[in-house]
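To start, the structure itself, in structure tokens.
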Amino acid sequence: MSVLEPLRYSSFRYLLTGRTINSLGNAIAPVALAFAVLDLTGSPSDLGLIVGTRMLVNVVFLLFGGALADRMPKHHLMVGASFAAAATQGAVAALVLSGTATIPLLLALSAVNGMVSALALPASSSILPQLLPAEIRQQGNALSRLSFNGATIVGAPLGGVIVASVGPGWGIAVDAVAFLLSGCAFALLRLPTVAAPAEVEPAPAEVEPAPAEVEPAPAVAEPAPDGGPTADGGPAPERTGIFTDLRTGWSEFRSRTWLWVVVAGFAVINAALSGGMSVLGPVVADATIGRRAWGFVLAAQTVGMVLGALVAMRLTFGRLLFFGVACTAFEILPMLTLGVAPHLGLLLAAAFLAGLGIEQFVVAWETSMQEHVPADKLARVYSYDMVGSFVAIPVGQVAVGPIAQAVGVAPTLVGAAALTGLAVVGMLSSPDVRNLRHRLVASAQPAPAVMEESTR
């Protein structure tokens with residue numbers, strides 16, 4: 001089976017296009033916003049307040065985004081959120097370019113943008129199983145990560161060029177246009193009216209897959225968008241309240257030990273990484289290898305992530321999640337090197353290996369969730385995963401400063417590396433994590449090219 005097999009499906013191509021454009025804009029926006037705020041007041045505290053407010057609102061609304069994504073067509077939610085984000089970023093750009101921006105206005109618009117992003121993230125993360133058959137979802141996840149990393153590599157320096165050339169307002173305007181274009185791409189998605197169940201065993205190998213442009217044929221009916229009868233003619237299921245849906249999502253989340261064990265482990269890892277790499281990394285670099293060299297270190301990590309996504313496309317491990325979690329141990333290396341031997345060559349190698357390893361985990365994690373969580377509850381489970389991950393990031397960023405002042409920067413970095421190692425060991429100590437099986441599906445011959453794409 002070709003690693004590019006998912007690209008034969010038109011809806012996946014539109015999804016990939018929208019995500020790539022979105023990622024490009026999101027890589028440009030932080031650079032532009034940072035300089036817009038600094039040009040306005042010169043206060044790092046104001047910038048931290050705006051960024052922190054967006055993150056807080058984002059976390060608060062993530063669970064509701066997951067519940068909404070399981071109640072309505074996911075691509076409709078993604079389109080609406082993209083257009084709303086385009087409007088908020090367009091408003092920010094207009095304020096900055098016209099010289100009328102104020103901190104309260106930027107704060108309010110950032111909060112709205114954080115809410116809109118939270119409503120779309122679970123839908124965007126959980127839509128892929130509706131677009132691709134099970135046997136090529138791993139490759140689809142890897143392609144998504146490859147496009148994300150590629151857009152990030154291009155977007156961050158492009159943001160700097162735009163800000164330096166024409167000003168931060170135009171950088172934010174580019175982000176607004178990116179949201180608009182990604183919304184148009186998402187609007188072209190065509191989803192089946194039913195969703196494939198997560199626990200269905202794959203068909204025998206002699207059955208031919210759908211043709212190149214046919215969306216995968218699901219097996220379990222979903223309710224029609226208007227609440228009418230389902231696609232198979234059965235009665236519509238009874239509508240439940242949003243808080244009931246959230247409780248159902250929580251039950252699905254906590255009932256799978258492998259799932260909450262990994263989320264808990266990554267809460268610890270994210271706290272350690274956000275403090276160690278994002279806060280103390282630049283401090284150590286400033287005193288040792290220099291700021292420009294630190295940029296090369298971060299670039300080496302991104303190169304590792306790109307190569308990691310290419311490697312992940314071809315993996316065929318039966319215990320894919322176990323392999324992915326084990327590869328997370330490479331995240332120890334950059335923090336340990338910063339704390340013990342902050343030399344450029346060592347840091348470049350450590351960052352590259354960390355990027356290579358984390359991509360194995362991300363693809364394994366996405367694939368495992370899509371295989372083992374029911375499709376009609378997947379977005380809610382994703383939202384609990386995201387909340388567990390995002391909450392830990394500001395905790396690490398806030399806590400690492402006082403700890404470093406009390407015990408020193410180097411011991412704090414070594415401690416963060418040790419904490420990451422303990423989290424990996426804790427995850428791997430769970431039999432559910434070690435033994436979760438990835439469904440390896442035998443490759444089948446492609447269907448005849450004369451078959452037409454289905455219309456809906």
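Residues His372 and Trp258 approach most closely at CB-CZ2, 3.7 Å, considering heavy atoms. The nearest pair of heavy atoms linking Ser11 to Leu131 is CB-CD2, 3.8 Å. The minimum heavy-atom distance linking Pro6 with Phe12 is given by the pair O-CD2, 3.4 Å. Pairing each heavy atom of Met335 with each of Gly276, the nearest pair is SD-CA, 4.2 Å. Contact between Pro133 and Tyr9 at its shortest, heavy atoms only, is CG-OH, 3.6 Å. Leu347 and Pro334 get closest at one heavy-atom pair: CD2-O, 4.0 Å.
In this structure, Lys74 and Leu77 have side chains that are not in contact, with every pair of non-hydrogen atoms separated by 4.5 Å or more. Contact of the Leu106 side chain with the Leu40 side chain is registered, since non-hydrogen atoms from C-beta on lie closer than 4.5 Å. At a threshold of 4.5 Å between non-hydrogen side-chain atoms, the residues Leu436 and Arg256 do not count as touching.
With sequence neighbours excluded, the residues satisfying side-chain hydrogen bond (donor to acceptor under 3.5 Å, both in side chains) with Asp385 are Trp365. Every residue meeting the side chain to side chain contact (heavy atoms under 4.5 Å, CB included) condition with Trp260, not counting sequence neighbours, appears here in chain and number order: Phe253, Thr257. Qualifying side-chain hydrogen bond (donor to acceptor under 3.5 Å, both in side chains) partners for Thr88, counting only residues two or more places apart in sequence or in other chains: Asn113. For Gln301, there are no side-chain hydrogen bond (donor to acceptor under 3.5 Å, both in side chains) partners two or more places apart in sequence or in a different chain. Applying the side chain to side chain contact (heavy atoms under 4.5 Å, CB included) test to Leu109 and every residue at least two apart in sequence or in another chain returns Ala91, Val92, Leu95.
Arg137 places a side-chain N or O within donor-acceptor distance of the main-chain N or O of Leu132, the cut-off being under 3.5 Å. Not one N or O on the side chain of Thr100 forms a donor-acceptor pair closer than 3.5 Å with the backbone of Val96. In this structure, Arg319 contributes its side chain and His438 its backbone to no donor-acceptor pair below 3.5 Å.
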*Could you go through the side-chain contact (heavy atoms from CB on, under 4.5 Å) check for Val174 and Gln89 one step at a time?*
CA-CA 9 Å; Val174 169; Gln89 291 298 80; over 6 Å; no
*With side-chain contact (heavy atoms from CB on, under 4.5 Å) as the test, would you mind laying out the steps for Asp175 and Ile28 before giving the verdict?*
CA-CA 7 Å; Asp175 187 36; Ile28 295 171; 5.6 Å; no
*What do the steps show when you test Tyr382 against Gln370 for side-chain contact (heavy atoms from CB on, under 4.5 Å), and what is the final call?*
CA-CA 10 Å; Tyr382 263 116; Gln370 292 162 9; 3.5 Å; yes
*Show your working on side-chain hydrogen bond (donor to acceptor under 3.5 Å, both in side chains) between Arg247 and Thr244 and close with a plain yes or no.*
CA-CA 5 Å; Arg247 286 195 296 271; Thr244 300; 3.2 Å; yes
_Could you go through Leu128 and Ser144, starting from their C-alpha distance and side-chain angles, then the distance that decides it, and tell me whether this counts as side-chain contact (heavy atoms from CB on, under 4.5 Å)?_
CA-CA 10 Å; Leu128 188 139; Ser144 293; 4.2 Å; yes
Taking only distance into account, with no hydrogens and no angle test, what donor-acceptor pairs under 3.5 Å do side-chain atoms of residues 158-173 form with protein atoms, sequence neighbours excluded?
unit_1	atom_1	unit_2	atom_2	d
Ser165	OG	Val161	O	2.7

What side-chain donor-acceptor pairs closer than 3.5 Å can you find for residues 402-424, not counting sequence neighbours?
unit_1	atom_1	unit_2	atom_2	d
Thr412	OG1	Gly408	O	2.6
Thr420	OG1	Ala416	O	3.0

For residues 351-364, run the donor-acceptor check on the side chains, cut-off 3.5 Å, and write out each pair with its distance to 0.1 Å, sequence neighbours left out.
unit_1	atom_1	unit_2	atom_2	d
Glu359	OE1	Arg145	NE	3.1
Glu359	OE1	Asn149	ND2	3.4
Glu359	OE2	Arg145	NE	3.3
Glu359	OE2	Arg145	NH2	2.6
Gln360	NE2	Gly308	O	2.9
Gln360	NE2	Leu356	O	3.1

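Atoms CG and OG, from Leu33 and Ser110 in turn, are 5.5 Å apart once rounded to the nearest 0.5 Å. Atom-to-atom distance recorded for Ser383:OG and Trp250:CH2 is 11.0 Å, nearest 0.5 angstrom. Note that the NE2 atom of His75 and the CD1 atom of Ile127 stand 7.0 Å from one another [nearest 0.5 Å]. Between the CG atom of Leu62 and the CG atom of Leu121 there is a distance of 6.0 Å, given to the nearest 0.5 Å. Summarising the geometry, atom CZ belonging to Arg380 is positioned 11.5 Å from atom CG belonging to Leu63; distances are rounded to the nearest 0.5 Å. Taken from OG1 in Thr367 to CG in Asn141, the straight-line distance is 4.0 Å, to the nearest 0.5 Å.
Around atom OH of Tyr384, more than 12 heavy atoms belonging to other residues, nucleotides or ligands sit under 6.0 Å away.
Residue pairs meeting the side chain to side chain donor-acceptor pair (under 3.5 Å) criterion with at least one member in residues 422-437: none, sequence neighbours excluded. Pairs passing the side chain to side chain donor-acceptor pair (under 3.5 Å) check and including a residue from residues 55-68, sequence neighbours excluded, read Asn58-Ser117. The list of side chain to side chain donor-acceptor pair (under 3.5 Å) pairs with a residue in residues 20-39, not counting sequence neighbours, reads Thr20-Ser147, Asn22-Asn26. Residue pairs satisfying the salt bridge (Lys or Arg N to Asp or Glu O under 4.0 Å) criterion with at least one member in residues 157-172, sequence neighbours excluded, are absent.
Counting only N and O atoms by type, the side chains of Ser182 and Arg19 include no donor and acceptor under 3.5 Å apart. Side chains of Arg13 and Ser10: a donor-acceptor N/O pair is absent below 3.5 angstrom, by distance only.
Of the residues Leu307, Leu16, Leu310, the one that meets the side chain to side chain contact (heavy atoms under 4.5 Å, CB included) test with Leu146 is Leu310.
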